[in-house]
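The structure displayed is predicted, hence computed values, not measured ones.
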Amino acid sequence: MERWIGIDYGRKRTGISASDPLGIFATSLDTVHSAKIIEYLKTYAEKETISGFIVGYPRNLDGSPSEAAADIDAFLPRLRKAFPDVPVTLEDERFTSVLAHRVMIDGGMKASERRDKTAVDKISASIILQGWLDRRNGPSAMPLDVPETQSDSLRRNKKRKI
């Protein structure tokens, strides 16, 4: 089964997410020490086929690379060397940590759990990947002539009777 891998690379920790086999949904996988990310991905690739890597790239509000981009720039050649046949796409990761905290709050996580940076990194990787998947699968990817299901027909007819 093929999967897209989302990566929120950091100097200390790296959040990892993966798509479902159809490439529709992103799911948090793990947070690993950044020095062990290539090893982790190689182990993962033994079980699953990786379609591509979507790597979060930190930018400033004006779109220029942020200070942290230097860490990503150093990581990318290692990733490409370890997986020469797997495409790598950079994805703007502005505000992913803020969004990750919002997801944690909305999900009912306690304040003590929200301080766990490994959870933030995993969720951020999912947000990075999901944003890319959503654009890739956007409205133009939806079939225009989707056949109506029986439940759609029943629901429409029920509304007409009211």
Residues in side-chain contact (heavy atoms from CB on, under 4.5 Å) contact with Lys12, at least two apart in sequence or another chain | none

Same hydrophobic cluster for Val88 and Leu29, using side-chain heavy-atom links shorter than 4.5 Å among ILVMFWY?
-> yes

Please assess Leu133 against Phe25 for the test side chain to side chain contact (heavy atoms under 4.5 Å, CB included), listing each intermediate value before the final yes or no.
-> CA-CA 7 Å; Leu133 290 170; Phe25 300 106; 5.9 Å; no

For the pair [X] (side chain) and [Y] (backbone), establish whether a donor and an acceptor sit closer than 3.5 Å, ignoring hydrogens and angles.
X	Y	answer
Asp92	Pro58	no
Arg3	Ser19	yes
Thr43	Glu39	yes
Asp30	Val32	no
Asn60	Asp62	no
Gln130	Ile24	yes

Nearest 0.5 angstrom please: [X] [atom1] to [Y] [atom2], how far?
X	Y	atom1	atom2	value
Leu90	Trp132	CG	CH2	12.0 Å
Ile5	Ile54	CD1	CD1	9.5 Å
Ile128	Glu93	CD1	CD	4.5 Å

Is a salt bridge present between Arg59 and Glu91, judged by a nitrogen-to-oxygen distance below 4.0 Å?
-> no

Partner residues of [X] under the side chain to side chain donor-acceptor pair (under 3.5 Å) criterion, sequence neighbours left out:
X	answer
Ser126	Ser28
Thr89	none
Thr14	Ser34
Thr27	none

Decide yes or no on side chain to side chain contact (heavy atoms under 4.5 Å, CB included) for Trp4 and Phe53, but give the supporting numbers first.
-> CA-CA 6 Å; Trp4 296 91; Phe53 296 107; over 6 Å; no

Which atom names give the shortest non-hydrogen contact between Leu129 and Gly6, and what distance separates them?
-> CD2-N, 3.7 Å

Would you list the atom pairs, donor with acceptor, under 3.5 Å between side chains in residues 67-79 and any protein atom, with sequence neighbours excluded?
| residue | atom | partner | partner atom | Å |
| --- | --- | --- | --- | --- |
| Asp71 | OD1 | Arg11 | NH2 | 3.3 |
| Asp71 | OD2 | Arg11 | NE | 3.3 |
| Asp71 | OD2 | Arg11 | NH2 | 3.1 |
| Asp73 | OD1 | Tyr57 | OH | 3.0 |
| Asp73 | OD2 | Tyr57 | OH | 3.3 |

What do the steps show when you test Ile7 against Leu41 for side chain to side chain contact (heavy atoms under 4.5 Å, CB included), and what is the final call?
-> CA-CA 10 Å; Ile7 299 175; Leu41 293 171; 4.0 Å; yes

The complete set of ring pair (Phe, Tyr, Trp, His ring centres under 6.0 Å) pairs with one or both residues in residues 30-49, sequence neighbours excluded, reads none

